[in-house]
Amino acid sequence: MNRLSDRINALAPSATLAMSQKSSELRAQGVDVINLSVGEPDFFTPDHIKAAAKKAVDDNFSFYSPVPGYLSLLQAVSDKLRRENGLNYTTDQIVIGNGAKHELCNAIMALVNPGDEVIIPTPAWVSYVQMVNLAGGKSVLLPSSMEKNFKVTAADLEAVMTDKTRLIIVCSPSNPSGAIYNHEELKAIAEMLTRHPDVMVIADEIYEHINYVGRHESLAQFEAIKDQVVIVNGVSKSYAMTGYRIGYIAAPLWVAKAVTKMQGQYTSGVSSIAQKAAEAAYNGPQDCVEEMRIAFQRRRDLIVGLLQQIPGLELNMPDGAFYAFPRVEHYYGKRYGDTVINDDNDLALYLLNEAHVATVAGSAFCCPGYIRLSYATSDENLCEAAKRIAEALAKLS
Ligand code: PMP
Ligand code: GLU
């Protein structure tokens, strides 16, 4: 008998992690899979950050840390926000969590009541809808498309608002589309939000530094709505520290306090060693961030160029993050042997089985008709993956 809660029965597993797991299993069986599914920098964590983690062990940072994080790390994040973003947040407005994912979920839990509506422009990262479900909220998906550069406007957002709207989630640079909202677009959204003072917005800025078109623009820069904004960010992508699990929110004090209360019951302060490493990341030299950004840009140009040559794949040039997001509808109805491609899930599975390239179906991002490829891997892998994809797709007729 299924004794699981309705909450867990309703929860979908993370498609990005599931696809990555599938590709690891195939690899363990000896299949030479190129994994472009999970979004994770392939670089090693920079040496000065690793040294700080080792030192933290030797300095006996082995006790419980304060629930919102060490004051020294909160100060490092506060300094980062001032230095890089021109934003003033006091240390008590910042909470450190077990990755940006944890802080996103905490913020949603703290803000959303059962029945509240949360507007999510799509394509959207896999976990937003599931987190809203966990809180008992209702996701209102607001679709965009390649023709609109995968962005929505202030007017689009306002058009789907109701008296139940509690929260909007804006991800820029976006996973999976790579779209980046520019200053004017964010300003228009901010002006619209001044008319809806009870609506909060989560600005997911985890790809802040993986930006190929200019300076990062944060929604929190607009003073009139700063108290409606919860910034989510962390070290995973910018400093190649996914396994350290350090993320944060910077938010109005009442949100930070609520998230801290929740963390106090749920997880306590996060890993002491990882916090000391993150502190070194924020306070230390920043050239590693730029070096990785340049490498990602080169890889973007490479993979997008190669994929654009494949007949039937349609894709634009993403402005940030490290994903290509081609439309694959051209292949619907085509077959190879017994395999028929009816949707993006079929195509992602076909590419895994036939080309041994792991991708993620757009449906996982509430955007059927596309697939996502992470290009956070070597040039060699990207060239080989593109070759295999081209060969496998050419077999479909
Ligand atoms: N937001 C987005 C858009 C992401 O792609 C991810 C995945 N890394 C996260 C949040 C969570 O990041 P992490 O928990 O590794 O800090
Ligand atoms: N954010 C990454 C991705 O989209 C990591 C996997 C995950 O946390 O879902 O692939």
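Ligands are counted one by one from 1 in listed order, and the atoms in each one are counted from 1 as well. Bear in mind that the values here come from a model prediction, so they are computed numbers and not experimental data.
Ring centroids of His216 and Tyr207 are separated by 6.0 Å or more, keeping the two rings apart. Two rings, from Phe43 and Phe296, have their centers less than 6.0 Å apart. The distance between the ring centers of Phe150 and Tyr181 does not fall below 6.0 angstrom.
For Arg7, the CZ atom sits in a loose shell: 12 or fewer heavy atoms of surrounding residues, nucleotides or ligands are nearer than 6.0 Å. Within a 6.0 Å sphere centred on NZ of Lys187, heavy atoms belonging to other residues, nucleotides or ligands number 12 at most. Other residues, nucleotides and ligands place no more than 12 heavy atoms under 6.0 Å from the CD atom of Gln265.
The shortest separation from a heavy atom of Gly99 to ligand 1 is under 4.0 Å, placing the residue in contact. Heavy-atom separations between Lys237 and ligand 1 include at least one value shorter than 4.0 Å. The shortest heavy-atom distance from Ser14 to ligand 2 is under 4.0 Å. Contact annotation: Gly39 has no heavy atom less than 4.0 Å from any atom of ligand 1.
Under a 4.0 Å criterion applied to the non-hydrogen atoms of Ser236, ligand 1 contributes the atoms 13 (P), 15 (O), 16 (O). Of all the atoms in ligand 1, the ones that sit under 4.0 Å from a non-hydrogen atom of Tyr207 are 3 (C), 4 (C), 5 (O). Counting the atoms of ligand 1 from 1 in the order shown, those under 4.0 Å from a heavy atom of Cys171 are 3 (C). Residue Asn175 has at least one heavy-atom neighbour below 4.0 Å for each of these atoms of ligand 1: 3 (C), 4 (C), 5 (O). Against a heavy-atom cut-off of under 4.0 Å, Val38 is close to the following atoms of ligand 2: 5 (C), 6 (C), 10 (O).
For atom 10 (O) of ligand 2, the nearest protein heavy atom (residue, atom name, distance) is Gly39 N, 2.6 Å. From the protein, the heavy atom lying nearest to atom 12 (O) of ligand 1 is Ala100 CB, 3.7 Å. For atom 14 (O) of ligand 1, the nearest non-hydrogen atom of the protein is Arg245 NH2, 2.7 Å. In terms of protein heavy-atom proximity, atom 4 (C) of ligand 1 is nearest to Trp125 CE2, 3.6 Å. The protein heavy atom nearest to atom 9 (O) of ligand 2 is Thr16 OG1, 2.6 Å. The shortest contact between atom 1 (N) of ligand 1 and any protein heavy atom is with Asp204 OD2, 2.6 Å.
Looking at ligand 1, you won't find any N or O of Thr242 less than 3.5 Å from one of its N or O atoms. Residue-to-ligand polar distances keep His102 apart from ligand 1: every N/O pair is separated by 3.5 Å or more.
Counting only residues at least two apart or on different chains, the salt bridge (charged side-chain N to carboxylate O under 4.0 Å, His left out) pairs with a member in residues 54-67 are Lys55-Asp59.
Neither the backbone nor the side chain of Phe365 has any atom closer than 4.0 Å to an atom of ligand 2 (non-hydrogen atoms only). At a 4.0 Å heavy-atom cut-off, ligand 2 touches Asn175 through the side chain alone. Residue Leu17 touches ligand 2 through its side chain alone, judged by heavy-atom distances below 4.0 Å.
A donor and an acceptor atom, one from each side chain of Glu84 and His209, are located under 3.5 Å apart. Using a 3.5 Å distance cut-off with no hydrogens or angles, the side chains of Asp344 and Ser363 do pair a donor with an acceptor. Side-chain contact check for Glu290 and Gln286: no donor-acceptor pair (N or O, by modelled atom type) lies under 3.5 Å.
Nearest-heavy-atom check against atom 8 (O) of ligand 2 across Lys101, Lys237, Met19 picks out Lys101.
Here the OG1 atom belonging to Thr267 is positioned 6.5 Å from the CG atom belonging to Asn106, to the nearest 0.5 angstrom.
Contact check for Tyr239 versus Tyr244: no side-chain heavy atoms found under the 4.5 Å cut-off. A heavy-atom distance below 4.5 Å is found between the side chains of Lys101 and Trp125.
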